[in-house]
**Q** 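Have a look at this one.
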Amino acid sequence: MNEELLELQRQLESAQLAKSSIPLSERNVVESVQKLHELHIINYDLLHTVTGKEYITPEQLRLEIAAEIKKLGRVSLIDLADIVGLDLYHVEKQAQLMVSDDPGLMLIQGEVISNSYWDNVAEDVNERLQ
C-alpha cells in the first residue's frame, strides 16, 4: 500500500512539474470552475469578481474585510467593493454578518467602524482639549 502511495505521489509531482503543451485561457478556466460548481464537485460558495476572471469565497471576503478594518479602523463598503473587486451587494452582506457576530464592530451609513477607531478618536479629542 505504501509503495503504491509513493508511486502515485511521484506521478503527481511529475505531472505538476511538466509543462502543459496546451495552455488554458482564462475563459476556459472560468467555465471549468463554473461547471465544477454546477456539478457540486466544488461544494462551497464562490463569489464572482466584477471582472469575472476570479472567484472568492465568502470566508476569504470576510478575512479581507477584517484586514482592512484592522488597518484603518473604519472602511466604507463602497471602498471595500473596489478593493476586493466584488459587487457591493456581496460586500454589504458579508459586512452585515461580521457586524452581527462581532460586538466590536458597527455598521453606520455604509461604513464598518471598529470600537478601536472610536477609542482613537476620543483620545485625539482629549489631547486637543488639553
Side-chain angles (χ1 to χ4, degrees):
M1 176 84 174
N2 287 337
E3 283 298 316
E4 288 179 37
L5 183 58
L6 289 173
E7 180 59 29
L8 288 172
Q9 286 176 334
R10 281 191 285 270
Q11 289 176 5
L12 175 62
E13 183 179 5
S14 67
Q16 289 174 332
L17 294 175
K19 186 156 182 133
S20 174
S21 61
I22 305 172
L24 292 174
S25 69
E26 288 180 354
R27 180 177 172 212
N28 290 26
V29 172
V30 168
E31 288 174 358
S32 297
V33 170
Q34 285 175 337
K35 189 64 173 178
L36 291 170
H37 194 259
E38 288 172 10
L39 296 172
H40 301 290
I41 295 171
I42 297 176
N43 58 358
Y44 45 85
D45 291 334
L46 293 174
L47 306 173
H48 288 86
T49 58
V50 176
T51 63
K53 296 180 180 180
E54 297 174 300
Y55 293 95
I56 187 171
T57 62
E59 294 79 19
Q60 182 63 35
L61 175 56
R62 284 192 294 273
L63 289 173
E64 292 189 23
I65 292 171
E68 288 297 317
I69 294 168
K70 186 175 182 181
K71 187 178 1 173
L72 303 171
R74 77 176 202 181
V75 67
S76 164
L77 295 180
I78 293 171
D79 292 342
L80 275 171
D82 289 341
I83 291 167
V84 296
L86 287 174
D87 187 57
L88 181 61
Y89 169 79
H90 298 299
V91 173
E92 189 172 17
K93 183 177 175 183
Q94 294 306 316
Q96 288 172 345
L97 289 172
M98 289 177 67
V99 168
S100 66
D101 291 344
D102 186 348
L105 296 176
M106 58 190 76
L107 183 60
I108 301 173
Q109 295 183 353
E111 290 194 9
V112 180
I113 304 173
S114 67
N115 282 343
S116 63
Y117 174 80
W118 291 118
D119 293 341
N120 291 337
V121 168
E123 287 175 14
D124 288 346
V125 168
N126 190 29
E127 286 176 12
R128 289 183 185 181
L129 290 175
Q130 291 181 5

**Q** Taking all non-hydrogen atoms of both residues, which atom of Gly110 and which atom of Leu107 are closest, and how far apart?
**A**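 Reported closest heavy-atom pair: C-CD1, 4.4 Å.
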**Q** Taking ring-ring contact (aromatic ring centres under 6.0 Å, His included) as the definition, give me every residue that meets it alongside His48, ordered by chain and number, with sequence neighbours left out.
**A**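 Partners of His48 by the ring-ring contact (aromatic ring centres under 6.0 Å, His included) criterion, ordered by chain and then number, come out as Tyr55.
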**Q** To check you understand the geometry: which heavy-atom pair defines the closest contact between Leu97 and Ser100, and what is its length?
**A**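 Smallest interatomic distance, heavy atoms only, reads O-OG, 2.8 Å.
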**Q** For Ile78, I'd like to know if atom CD1 has over 12 heavy atoms of other residues, nucleotides or ligands within 6.0 Å.
**A**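 Counting neighbours around CD1 of Ile78, 12 or fewer heavy atoms of other residues, nucleotides or ligands fall under 6.0 Å, so no.
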**Q** Quick one: closest heavy-atom pair of Leu77 and Glu92, and the distance?
**A**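 Looks like CD1-CG, 3.9 Å.
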**Q** For Val125, what are the other residues in its hydrophobic cluster, where any two members join if their side-chain heavy atoms are less than 4.5 angstrom apart?
**A**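 Result for Val125 is Met106, Ile108, Ile113, Tyr117, Trp118, Val121, Leu129.
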**Q** I'd like to know if Arg10 and Glu13 make a salt bridge, using a cut-off of under 4.0 Å between side-chain N and carboxylate O.
**A**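 No, this pair does not count.
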**Q** Quick one: pull up CG in Leu86 and NZ in Lys93 and give me the separation to the nearest 0.5 Å.
**A**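 Here the rounded value is 12.5 Å.
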**Q** Can you list everything that forms a side-chain contact (heavy atoms from CB on, under 4.5 Å) with Leu12? Sequence neighbours excluded, please.
**A**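 With sequence neighbours excluded, Leu12 shows a side-chain contact (heavy atoms from CB on, under 4.5 Å) to Gln16, given in chain and number order.
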**Q** To the closest 0.5 Å, what do you measure between CD (Glu111) and CZ (Arg74)?
**A**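 One gets 4.0 Å once the value is rounded to the nearest 0.5 Å.
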**Q** Testing the basics here: between Ala95 and Val112, what is the closest heavy-atom pair and its distance to 0.1 Å?
**A**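 Heavy atoms only, the tightest pair is CB-CG2, 3.9 Å.
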**Q** Shortest non-hydrogen contact from Pro58 to Asp45?
**A**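 For Pro58 and Asp45, the tightest heavy-atom pair comes out as CD-O, 3.4 Å.
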**Q** How long is the gap from CD on Glu38 to CD on Glu31, to the nearest 0.5 Å?
**A**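 Answer for the CD-CD pair, Glu38 versus Glu31, is 10.5 Å.
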**Q** Report the distance from atom CG of Asn28 to atom NZ of Lys35, rounding to the nearest 0.5 Å.
**A**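 The distance works out to 14.5 Å.
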**Q** Count I, L, V, M, F, W, Y as connected when their side-chain heavy atoms are under 4.5 Å apart, and connections chain through other members. Are Val30 and Leu46 then in the same cluster?
**A**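 Val30 clusters together with Leu46.
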**Q** Calculate, to the nearest 0.5 Å, the distance between atoms CG and NE2 belonging to Leu61 and His90 respectively.
**A**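 Reported value, rounded in 0.5 Å steps: 9.0 Å.
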**Q** In this structure, would Val33 and Ile56 fall into the same cluster of hydrophobic residues linked by side-chain contacts under 4.5 Å?
**A**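 Not linked; separate clusters.
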**Q** Can you name the salt bridge (charged side-chain N to carboxylate O under 4.0 Å, His left out) partners of Arg128, sequence neighbours left out?
**A**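 Checked Arg128 against salt bridge (charged side-chain N to carboxylate O under 4.0 Å, His left out); zero matches.
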**Q** Testing Asp119, Leu105, Asn120 for side chain to side chain contact (heavy atoms under 4.5 Å, CB included) with Ser114, which one passes?
**A**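 Passing option: Leu105.
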**Q** If the condition is salt bridge (charged side-chain N to carboxylate O under 4.0 Å, His left out), which residues does Glu68 pass it with, not counting sequence neighbours?
**A**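 If we apply the salt bridge (charged side-chain N to carboxylate O under 4.0 Å, His left out) test to Glu68, skipping adjacent residues, the hits are Lys71.
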**Q** Who pairs with Glu123 by salt bridge (charged side-chain N to carboxylate O under 4.0 Å, His left out), at least two apart in sequence or on another chain?
**A**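 For Glu123, no residue satisfies salt bridge (charged side-chain N to carboxylate O under 4.0 Å, His left out) once neighbours in sequence are set aside.
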**Q** Do Gln11 and Glu7 pair up side chain to side chain, a donor and an acceptor below 3.5 Å, judged on atom types alone?
**A**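 Per modelled atom types, Gln11 and Glu7 side chains form a pair under 3.5 Å.
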**Q** At their closest point, which heavy atom of Val84 faces which heavy atom of Thr49, and how far apart are they?
**A**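 Reported closest heavy-atom pair: O-CG2, 4.3 Å.
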**Q** Within a reach of under 6.0 Å around CZ of Arg27, are more than 12 heavy atoms found that belong to other residues, nucleotides or ligands?
**A**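 Incorrect, the count does not exceed 12.
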